[in-house]
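One structure is given below, represented as structure tokens, and several questions about it will come after.
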Amino acid sequence: MDKKQNISGLRIRQVRLQRGLDQVELAAALNVDYGVKLEQSDISEIERQVRCVKDYELHAISQVLDIDPIWLLRGDS
């Protein structure tokens, strides 16, 4: 059985790509703007749903990507 560690990773990837950011740029923005220290490899693991996302990380990601954090959790439904 495939155990997903988060439900927001695929939507994070979707919005990141729509915003024209690569994983390194997202990681850098999180660190500079919010003091959230994630490496490119952490972003990759989040997007592949193999790493959990802490609440403060999700909040910072939603701010950098300019997206509602609830949408990252629930999507359109």
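In this text the structure is predicted, and so the values were computed from the model without any measurement. In this chain, residues are counted from 1 in sequence order.
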Problem - Joint hydrophobic cluster, Tyr56 plus Ile67, side-chain heavy atoms closer than 4.5 Å - result: yes

Handout entry: side chain to side chain contact (heavy atoms under 4.5 Å, CB included) between Tyr34 and Ile61, worked out
Key = CA-CA 9 Å; Tyr34 297 94; Ile61 290 168; over 6 Å; no

Fill in the blank from the handout: What one should report as the nearest heavy-atom pair of Ile46 and Cys52 is CG1-O, 4.3 Å

Problem - Nearest atoms (heavy-atom pairs only) where Ile12 meets Leu65 - result: O-CD1, 3.9 Å

Completion exercise
Contacts satisfying salt bridge (charged side-chain N to carboxylate O under 4.0 Å, His left out) that involve residues 20-44 (not counting sequence neighbours) are Asp42-Arg51

Handout entry: In one Ile/Leu/Val/Met/Phe/Trp/Tyr side-chain cluster, 4.5 Å: Val15, Val24
Key = no

Completion exercise
Here the pair of heavy atoms bringing Leu30 nearest to Val64 is CD2-CG2, 3.8 Å

Problem - Straight-line distance of Leu21 CG to Gln23 CD, nearest 0.5 Å - result: 11.0 Å

Exercise for the section: Say whether, by atom type as modelled, one donor and one acceptor occur between the side chain of Arg19 and the main chain of Leu26 under 3.5 angstrom. Expected result: no

Problem - Qualifying residues under salt bridge (Lys or Arg N to Asp or Glu O under 4.0 Å), relative to Lys54, sequence neighbours excluded - result: none

Handout entry: Spacing of OG belonging to Ser8 relative to CD belonging to Glu57, to within rounding of 0.5 Å
Key = 10.0 Å

Exercise for the section: Quick one: closest heavy-atom pair of Pro69 and Leu58, and the distance? Expected result: O-CD2, 4.4 Å

Practice task
Report whether Ile43 and Leu73 are members of the same hydrophobic cluster (ILVMFWY, side-chain heavy atoms less than 4.5 Å apart, transitive linking).
Solution key: yes

Problem - Listed once per pair and sorted, the salt bridge (charged side-chain N to carboxylate O under 4.0 Å, His left out) pairs that draw on residues 7-18, sequence neighbours left out - result: Arg16-Glu47

Exercise for the section: State, to 0.1 Å, how close Ser62 and Leu72 come at their nearest heavy-atom pair, and which atoms those are. Expected result: CB-CD1, 3.9 Å

